[in-house]
Amino acid sequence: MKIATWNINGVKARIGNLLTWLKESAPDIVCLQEIKSVDDQFPRAEIESLGYNVETHGQKGFNGVALLSKLKFDEVNCRLPGDSDDEQARFIEGVFSTEKGALRVVSLYLPNGNPIGGERFAYKLRWMERFEKWAKERLALEDPMVLAGDYNVIPEPTDARFPENWVNDALFQPESRRAFRQIVNLGFTEATRAVTDSTDVFTFWDYQAGAWQKNNGIRIDFQLLSPEAANLLVSSSVEKHVRTWEKPSDHVPVVTELAI
DNA sequence: ATGGCGAGGTTCCCTCGA
């Protein structure tokens with residue numbers, strides 16, 4: 001089974017690329033972030049026509065996450081628990097039945113947190129604390145589980161082509177990196193790093209300043225595998241070529257195959 | 001040394017992203 005994550009930067013602006021990529025890559029489950037659409041404007045019919053079930057947690061203007069799945073959804077949970085005042089659409093969990101039992105897949109869009117030192121950075125760290133608490137509880141279920149999305153964290157200097165550019169950015173602060181490590185250290189395997197130690201693997205290149213041409217990239221899109229999912233890991237790859245397409249997202253898909 | 005883009009809504013400028 002192929003499980004993918006992609007920050008699409010606007011599903012309505014990217015529907016052509018999305019359909020092309022779905023046909024080419026043929027993932028079974030897709031986690032989308034930054035759909036920038038309310039639920040009733042999500043272009044679900046075109047996606048359904050390719051054989052996907054669609055569940056969205058949208059928001060007007062920005063944020064928004066979605067799950068596309070060739071498997072039927074047994075359960076869908078939107079919103080990360082822990083703060084009923086949090087109105088931002090950044091989290092959707094789907095549960096599926098497989099021959100290995102229940103499979104849990106989350107599409108998450110972690111807050112950016114810039115500028116550092118302000119309310120947005122505090123929100124990012126609070127969100128990560130809530131996510132850690134939630135993930136710890138879910139791990140206790142001992143199901144194959146994939147927590148996939150745009151984590152908005154550069155975990156290590158080797159995850160940026162020019163790490164010195166990011167020292168004052170929320171994505172590369174010691175607090176952000178520590179919070180990410182704490183989550184991974186609950187017992188997750190980060191799929192890309194499980195298959196490569198290359199220092200030239202990135203998932204985001206800014207539209208500005210010729211970042212793509214200079215390979216000024218960062219690696220911030222991840223799939224965290226529970227032990228039960230990690231034991232089924234077959235392969236994982238970053239689909240970098242999608243960044244060369246017309247009207248690309250600034251992020252590219254990450255695709256992981258599990259032996260389910 | 002700096003900025004250089006793009007999406008969507010509050011539309012001819014604004015916020016947001018990273």
Side-chain angles (χ1 to χ4, degrees), chain A residues 5-19 21 31-44 46 56-66 86-91 107-125 127-128 131 148-177 179-180 192 201-222 238 240 242-254:
Chain A
T5 184
W6 191 13
N7 179 323
I8 196 169
N9 189 20
V11 69
K12 285 170 280 188
R14 217 72 60 207
I15 185 63
N17 279 5
L18 176 59
L19 296 171
W21 174 74
C31 306
L32 297 177
Q33 302 87 39
E34 278 207 273
I35 61 173
K36 296 186 177 179
S37 171
V38 292
D39 294 335
D40 61 14
Q41 286 175 23
F42 190 92
R44 62 167 52 235
E46 293 141 286
T56 64
H57 180 39
Q59 180 176 349
K60 192 174 180 181
F62 59 111
N63 299 330
V65 288
D86 186 357
E87 296 293 330
Q88 300 193 29
R90 299 180 173 277
F91 179 97
S107 177
L108 68 105
Y109 178 45
L110 210 143
N112 171 298
N114 278 304
I116 56 175
E119 169 52 30
R120 287 162 190 246
F121 189 61
Y123 172 62
K124 179 190 188 102
L125 296 179
W127 204 96
M128 294 183 85
F131 185 59
D150 177 354
Y151 279 74
N152 266 321
V153 175
I154 302 167
E156 300 295 335
T158 47
D159 296 312
R161 177 68 183 80
F162 301 108
E164 64 275 17
N165 290 358
W166 300 93
V167 291
N168 293 316
D169 194 286
L171 279 63
F172 197 46
Q173 291 312 293
E175 295 94 329
S176 311
R177 296 171 59 194
F180 181 78
T192 302
V201 180
F202 307 118
T203 64
F204 169 90
W205 297 261
D206 203 301
Y207 291 120
Q208 301 184 69
W212 169 251
Q213 288 75 12
K214 296 173 188 168
N215 194 28
N216 178 8
I218 52 177
R219 202 172 72 86
I220 57 175
D221 298 271
F222 305 112
V238 175
K240 183 178 180 180
V242 175
R243 190 64 174 76
T244 69
W245 292 358
E246 285 294 311
K247 266 193 83 169
S249 170
D250 40 9
H251 297 250
V252 295
V254 180

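By convention in this document, chain letters (A, B, ...) are assigned in the order of the sequence lines, proteins followed by strands, and residues within each chain are numbered from 1.
Counting to the nearest Å, the P atom of B:dG17 and the CG atom of A:Asn7 are 11 Å from each other. Summarising the geometry, the separation between CD on A:Gln41 and P on B:dA7 is reported as 16 Å, rounded to the nearest angstrom. If you take CD of A:Gln59 and P of B:dT15, they are 17 Å apart, rounded to a whole angstrom. Rounded to whole Å, the distance from CG on A:Asn112 to P on B:dC16 is 11 Å. Rounding to whole angstrom units, CG of residue A:Asn165 and C1' of B:dG4 are separated by 15 Å. Taking atom CH2 of residue A:Trp212 and atom C1' of nucleotide B:dA18, one finds them 17 Å apart after rounding to whole Å. Remark: P of B:dG6 and CZ of A:Phe62 are 21 Å apart, rounded to the nearest angstrom. Regarding A:Gln88, its CD atom lies at a distance of 16 Å from the P atom of B:dT15, rounded to whole Å.
Although no hydrogens or angles enter the test, the distance criterion places no donor-acceptor pair under 3.5 Å between the side chain of A:Ser176 and the main chain of A:Leu171. In terms of modelled atom types and a separation under 3.5 Å, the side chain of A:Arg243 and the main chain of A:Trp212 share no donor-acceptor contact.
Remark: A:Tyr207 is not in phosphate contact with B:dC16, judged by side-chain N or O atoms under 4.0 Å from OP1 or OP2. Residue A:His251 places no side-chain N or O under 4.0 Å from the OP1 or OP2 atom of B:dG17. Look at A:Asn9 and you won't find any side-chain N or O under 4.0 angstrom from OP1 or OP2 of B:dG6.
Nearer to the 5' terminus of DNA chain B, by closest-nucleotide assignment, is the contact made by A:Ala209 (compared with the other of A:Ala209 and A:Leu171). A residue-by-residue look at A:Pro248 and A:Gly113 shows that A:Pro248 has its nearest nucleotide of DNA chain B further toward the 5' end.
Ring planes of A:Phe222 and A:Phe180: tilted class, angle from 30 to 60°.
If you check every strand for non-hydrogen atoms under 4.0 Å, A:Asn152 touches sugar and phosphate atoms only. Residue contacts for A:Lys124: at a heavy-atom cut-off of 4.0 Å it reaches no nucleic acid atom on any strand shown. Heavy atoms of A:Asp150 sit under 4.0 angstrom from primed sugar atoms or phosphate atoms, though from no base atom. At the heavy-atom level, A:Tyr151 lies nowhere under 4.0 Å from the strands shown.
Distances from the side chain of A:Ala13 to the nucleotides B:dA18, B:dG8, B:dG17 place B:dG8 closest. Here the nucleotide nearest the side chain of A:Arg90, chosen from B:dG4, B:dG17, B:dA18, is B:dG17. If you check B:dA7, B:dA18, B:dT10 against the side chain of A:Lys60, the one that comes closest is B:dT10. Here the nucleotide nearest the side chain of A:Lys36, chosen from B:dG17, B:dG6, B:dA18, is B:dG6. Nearest to the side chain of A:Arg120, among B:dG4, B:dG8, B:dG17, sits B:dG17.
Distance noted for atom C1' between B:dA18 and B:dC5: 12 Å (whole Å). Comparing the same atom, P, in B:dG4 and in B:dT15 gives a spacing of 15 Å after rounding to whole Å. Spacing of P atoms, B:dT11 relative to B:dC16, comes out at 15 Å, to the nearest Å. Nucleotides B:dC12 and B:dA7 have their C1' atoms positioned 16 Å apart, rounded to a whole Å. Comparing B:dC14 with B:dT10, their P atoms are spaced 15 Å from each other, to the whole Å.
No option in A:Asn152, A:Thr192, A:Thr5, A:Thr203 other than A:Thr203 meets the side-chain hydrogen bond (donor to acceptor under 3.5 Å, both in side chains) test with A:Asp221.
Side-chain contact check for A:Asn9 and A:Lys36: at least one donor-acceptor pair (N or O, by modelled atom type) lies under 3.5 Å. No hydrogens or angles considered: nothing links the side chains of A:Asp150 and A:Gln33 as a donor-acceptor pair under 3.5 Å.
Here the straight-line distance linking atom CZ of A:Phe202 with atom CD1 of A:Ile154 works out to 9.5 Å at 0.5 Å rounding.
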